[in-house]
Each structure stands twice: as structure tokens, then as C-alpha cells.
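In each ligand, atom 1 is the first atom listed, and ligand 1 is the first ligand listed. What's counted below: heavy atoms across the whole structure, side chains too, no hydrogens, waters or symmetry copies.
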Amino acid sequence: TLADKQYRPKIHFSPSTGFMNDPNGLIFDGRYYHLYYQYNPFGPYAGHVHWGHAVSTDLYTWQDLPIAIRETEAGEAYSGCAVLDRDNRSGLFPPRTQDKPQPGAVETAAQKAAQLFSPLPGDEQERRSVDRQAQDLLHGGRTDTDLLKELGNDPVSREQSPVPMSPALPPMAGGLVAIYTRATPQRQTQYIAWSPDGGQTLKDYEGNPVLDIGHNSFRDPKVLWHAPTEKWVMVVVRSREHKVSFYGSFDLKHWMHLSDFGPSGITGVDYECPALAEVEVEGETPGEKRWVLFVSINPGGPQGGSITQYFVGQFDGERFTPDDTIVDLTDFGKDSYALQTYENMPGNQTVYVAWLDNWQYCEELPNKSWRGIMTIPRKVVLRRDTSGWLRIAQNPYQLEALRRPAIPFALSRLEPQSSRQVALPTGEAVELLLDVSLEDRGSTLPDGDHGRAGRFAVVFSNRQGESLSIGFDGFSCQLWLDRSNLHGFSHPFFTGTFSSALIPGSRRFSLRIVLDACTLEVFANEGMSVGTALVYPANPLETLSLQVTNAAAVIHKVALYPLRQTMD
Ligand code: FRU
């Protein structure tokens with residue numbers, strides 16, 4: 001249909017057909033960024049959950065690949081994550097002929113595991129049979145040069161793919177392992193799957209499940225390598241109990257319960273998709289870090305439906321201790337959910353991707369043949385707010401690389417009750433940068449019953465009378481976002497207006513706005529306040545205008561960039 005085309009983003013990932021929800025298995029493997037995703041290949045609604053898979057070298061240009069994990073008789077393949085098991089601590093990977101014997105790492109891990117967990121009987125035998133199968137599958141009498149050549153001819157090859165090849169992975173004894181939930185109505189258990197081919201296919205471990213507590217709401221494992229205690233740590237939720245459980249493992253096969261966190265913050269109906277990351281604190285002390293625990297909730301978000309909250313604190317390898325009692329959301333809109341942070345990011349940066357949607361209406365959106373969009377990648381740091389509390393600041397990650405020459409739009413001041421406009425390029429994603437101060441209201445201005453201290457708005461509109469606005473209210477010092485005057489989609493829960501928490505202190509604010517087909521992402525004040533919204537104009541938005549009421553605005557900076565298309 002027209003909507004399927006019209007609303008297809010140009011720089012955001014969306015599936016070609018079917019239904020997509022949470023991002024899964026986000027990992028940089030030294031060569032590719034992987035994006036696995038919750039995927040129903042059979043129709044544009046949730047269900048029959050598989051893991052779809054795409055790779056990229058820049059996090060914007062995605063090459064979609066074959067399904068990586070299927071729904072099986074054991075259940076649907078619910079959300080999870082991926083890690084790089086470089087040293088084959090799991091023992092899941094077959095030994096490679098050219099590898100020198102690698103005693104150190106493997107033995108230590110195995111010894112540690114043996115001390116802490118009593119290995120399951122038959123484990124060694126199991127492992128040998130997995131290894132034998134893998135050996136057959138992977139090597140099958142071929143040399144590593146043959147294998148490399150074959151990998152070069154896989155769907156991610158130089159010839160066939162728009163993804164440029166980057167240098168090959170350093171040789172590794174192990175490889176990529178996914179940890180995810182198998183779900184049936186009766187039971188949710190944690191599975192692991194290893195990849196013989198750099199992440200393209202994922203093979204279930206024969207000893208699955210690796211974690212089963214007899215629950216039907218126990219899901220969404222996210223695993224990270226905790227270097228100080230040399231083990232993997234899993235965060236996973238007991239959804240209905242509003243608990244995040246922490247588990248530890250030396251081999252990804254045996255998991256030991258470490259601690260629980262929660263109920264805390266906003267509980268909603270279910271806790272879902274937890275993520276734990278050590279995040280850099282901006283400021284004078286270089287290298288200062290703090291742990292952030294993200295917990296998604298659905299339904300029951302304050303804006304309705306799905307939302308993600310976060311806690312800032314300490315993590316000692318066993319237990320997460322929040323620094324304070326502050327509850328904060330990642331977004332003031334309602335269309336950013338189930339974020340997952342990238343594992344193994346260059347420079348240990350914290351970068352996440354979220355599902356740009358909400359469970360309240362995701363199955364009824366106007367596009368029909370495909371549904372589901374991911375946010376652009378966002379880098380997270382911690383910054384002190386004016387009261388001294390650490391808050392996350394989120395900004396687009398390396399979006400600058402997509403900028404085409406700026407559309408001329410020079411402007412240094414707007415007088416009260418005036419506006420300036422410029423035509424938008426057709427069919428392209430755009431980025432708008434603004435840095436503005438509202439002047440104090442002059443005594444000559446008429447008194448009105450709204451906009452008492454001035455209001456600045458960015459308005460995207462068309463000849464058909466539709467408009468989408470984002471603005472700053474000088475009286476409340478809040479941002480607002482209004483999608484209610486767009487006519488492409490109506491739904492009782494598709495609410496129209498949102499406002500941010502207080503942007504304290506000042507009448508100066510900055511905005512970085514990305515508009516791409518049916519997606520709007522607003523990053524205010526260097527990422528201290530972020531609003532994400534699906535937007536459905538019935539007709540294309542053609543004009544951008546900046547408007548100010550009841551105050552004059554000083555425009556310190558304005559820039560409008562068309563963005564190079566990365567997706568078709
Ligand atoms: C979150 C979620 C997860 C679950 C997955 C199923 O959106 O409900 O808790 O694993 O989606 O697709």
C-alpha cells in the first residue's frame with residue numbers, strides 16, 4: 001500500500017515484511033555491528049517470534065540477513081543478547097586446527113567453574129558430541145582458507161552487499177554466543193546458541209535450557225563480561241514480580257544466582273528487557289564511571305503503554321546498589337522501548353538501540369506489509385543536572401557522517417509573533433540543529449492567557465493543513481511535542497501531546513531534531529531530554545517554520561541538513 005512506502009524510514013532499520021519488536025543481540029564483533037531483532041516473518045503482527053538479523057559497519061546502513069534463530073517446538077525465541085566468547089570458555093566451539101593449544105584462559109575458567117558449580121553429569125560427553133557436530137559442520141574436511149573464502153561469499157560479501165568489508169576478525173578460539181529466552185505459555189527459560197560463522201547462524205546448545213526456575217515470566221537475559229571478577233553477569237527479569245535477577249557464570253552454561261533488584265521505580269504490569277552498562281560520567285575526572293540499570297516496563301508507563309526507566313548506581317559483580325531514589329525515564333514521548341546497549345563497543349562507549357514503538361498500538365499502525373522500526377543508535381553518558389544528580393544524556397551516535405550539504409537557512413533573531421520558514425527536501429530524512437534564547441518579555445507585548453513568558457516552536461507542516469510541532473515554553477521551561485494535527489493515524493492510545501520534565505534554569509535551550517518518514521527523535525539540551533515519537537502525516541510535510549510568541553528569540557545557531565539515505 002501507499003502507507004507501506006510513505007512511512008518507510010530512510011535512515012532507520014525496518015524489516016522488509018513482517019513484524020519487528022525488540023532489538024536483540026547487539027554486539028560489535030570487531031568487523032560488523034550486529035542487530036538481531038524480535039521478528040514474526042509470517043505477518044505484520046506480534047507472534048511466532050524468531051530472531052531476525054542484520055549487520056552494518058556504521059549502524060545506519062543495514063544489510064538484512066537470513067533468520068538466525070527460529071521458533072521451534074521448544075517455544076518462541078524471545079528477547080536476548082549476544083557476547084563474544086573469545087577464549088572459548090564455554091567450550092561450545094570446536095578446536096581449530098591452526099590454533100596453538102591455549103591452556104591459560106580456558107583452563108582457569110573451567111577450573112573456576114568446577115569450583116563454584118558442580119558440573120552436570122554427562123557434561124563432558126555432551127560437549128564432545130556438540131563439538132563433533134560442530135566440527136563436521138564447520139570444517140567438513142576443508143582448510144581455514146577455504147572457510148574464509150566461503151565466508152567472503154556469504155550474503156555479506158563485498159560483491160553482493162552495500163556493506164563495505166572491513167578488516168577480517170582477529171583469530172579467535174571461540175566466537176559469538178547468543179543468550180535468549182525460549183517461551184511457551186507455561187514456561188520461560190534461558191537458552192544459549194553458538195555461531196560457527198561469525199553470527200550468521202546460531203546453533204542451540206544441546207544442554208539447553210541453561211537456566212530454568214520453573215517460571216512463566218522469567219525472560220530477556222542481557223549478559224556482559226565483568227572484568228574485575230572475570231565472569232559473565234546476566235541480568236534477567238522476573239517480570240510479574242518486578243524483579244531484576246543477577247546471575248554469574250564462567251562458561252555461559254552454568255549460572256549461579258547472585259542477587260535481586262526491585263521492585264523499584266515504576267513497576268507497571270511487567271518488567272521487561274533489562275540492560276546493565278558501565279557508563280562514563282562527563283566532567284573533570286576522566287575515566288569516572290557509574291553503572292546504569294535500564295528496566296523497561298509494559299504496560300503501565302506514565303505516558304501509557306511501554307516505557308524504559310533507569311537507575312544510576314554501583315555494581316560490584318554481585319549486586320546493584322542505586323545511588324539515590326530518583327526514578328527517571330529515558331524518554332518523554334511514548335515510542336522508545338526495550339532499549340539494548342551494544343556489547344563490545346569501540347572505546348567502551350555506551351550506545352543503544354531501542355524499538356521505536358509502543359505495545360499499545362504497534363499492531364495497528366497504518367503501514368500494513370511491514371511493522372516495526374528501530375531508533376537511530378544513541379550514545380549515553382552521565383551528566384550532573386543542576387541539582388547535582390547524575391542523569392543520562394543521550395545523543396545520536398555518528399549521525400554527522402550522514403549529513404549532506406546544509407540547506408541555506410540563516411537567521412539570528414526572531415521578533416515576537418513572527419516566524420521564518422524554509423522548504424523541506426522531499427522524501428529525505430532531515431536533521432535540524434538549533435540553539436535559542438528567549439528574551440524576557442518586553443513591557444510592550446499584549447497580555448495573553450497563554451504563552452505568558454514566551455514560546456518558541458519548530459513546526460513541520462503541509463498545504464493540507466497538517467502540522468507537527470516541537471517547542472519550548474518559557475513559563476514552565478518545558479519542551480513539548482505535538483503530533484495531534486497529523487491525520488494519517490488515529491487510535492485511542494495514540495495520544496497527541498507530550499511534555500518533557502523541567503529543563504531547569506535557563507531560557508536558553510538547544511534542540512537536535514531528526515525527522516525521517518514516520519519517525520521523530522528530539523534531543524534537547526545536549527541530550528538531557530529526549531522525546532521519541534511515531535508521526536503519521538497523511539500527506540508529506542513540506543515546510544519547516546520557526547515561530548515565536550510573546551517574546552523575542554535570539555537564534556545562536558540554526559542548521560538544517562538533509563541526511564544521506566542508507567536504507568531502502
Ligand atoms: C518486550 C517483550 C519481551 C519479550 C519480547 C517478545 O517488548 O515483551 O519481554 O521477550 O517482547 O517478543
Side-chain angles (χ1 to χ4, degrees), residues 15 18-26 35-53 67-72 74-82 178-193 209 211-212 215-223 234-245 262 266-275 294-301 304-309 330-331 334-341 352-363 365 371-375 493 532 534:
F19 180 90
M20 177 178 81
N21 53 294
D22 315 351
N24 293 157
L26 302 188
L35 164 66
Y36 298 91
Y37 52 89
Q38 291 285 280
Y39 185 50
N40 178 3
F42 305 122
Y45 44 84
H48 297 290
V49 187
H50 295 53
W51 271 35
H53 184 205
I67 284 170
I69 304 179
R70 306 198 147 263
E71 178 187 29
T72 66
E76 295 178 85
Y78 269 22
S79 280
C81 63
I179 303 99
Y180 70 100
T181 302
R182 277 278 169 202
T184 66
Q186 296 76 34
R187 205 62 156 247
Q188 297 185 345
T189 62
Q190 314 323 317
Y191 270 49
I192 59 176
L211 191 51
D212 178 359
H215 255 245
N216 66 0
S217 73
F218 179 52
R219 62 178 178 271
D220 306 343
K222 173 75 173 87
V223 176
M234 177 197 292
V235 287
V236 57
V237 286
R238 284 197 263 148
S239 310
R240 279 294 144 87
E241 295 165 42
H242 310 118
K243 279 187 192 300
V244 180
S245 291
I266 301 163
T267 54
V269 172
D270 274 349
Y271 269 12
E272 297 185 323
C273 299
F294 297 92
V295 182
S296 287
I297 45 173
N298 178 70
S306 328
I307 202 70
T308 301
Q309 63 187 324
T330 58
D331 209 277
K334 61 187 285 192
D335 298 328
S336 177
Y337 192 60
L339 71 77
Q340 186 171 109
T341 50
Y352 80 79
V353 169
W355 180 40
L356 207 162
D357 217 321
N358 190 307
W359 279 112
Q360 280 184 328
Y361 38 72
C362 59
E363 295 177 298
L365 300 175
R371 288 200 180 113
I373 300 172
M374 294 302 177
T375 64
F493 290 130
T532 308
L534 287 166

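On a distance-only criterion, Tyr78 and ligand 1 share no N/O pair closer than 3.5 Å.
In this structure the side chain of Arg240 never reaches within 4.5 angstrom of the side chain of Asn216, judged on heavy atoms. Two residues are said to be in side-chain contact when any heavy atoms from C-beta on lie closer than 4.5 Å; Asp357 and Leu365 meet this criterion.
The ring of Tyr180 has its center closer than 6.0 angstrom to the ring center of Tyr191.
The residue Asp270 has no part lying near ligand 1, judged by heavy-atom distances below 4.0 Å.
In this structure, Trp355 has no heavy atom closer than 4.0 Å to ligand 1.
The CZ atom of Arg182 sits 15.5 Å away from atom CZ of Arg219, with the distance rounded to the nearest 0.5 Å.
A donor-acceptor contact closer than 3.5 angstrom is absent between the side chains of Thr532 and Asp335.
In terms of protein heavy atoms, atom 8 (O) of ligand 1 is closest to Glu272 OE2, 2.9 Å. The protein atom (non-hydrogen) at minimum distance from atom 2 (C) of ligand 1 is Asp22 OD2, 3.4 Å. With respect to atom 3 (C) of ligand 1, the closest heavy atom belonging to the protein is Asp220 OD2, 3.3 Å. Of the protein's heavy atoms, Gln38 OE1, 2.6 Å lies nearest to atom 12 (O) of ligand 1.
No donor-acceptor distance shorter than 3.5 angstrom exists from the side chain of Asp22 to the backbone of Ala338, with no hydrogens or angles considered.
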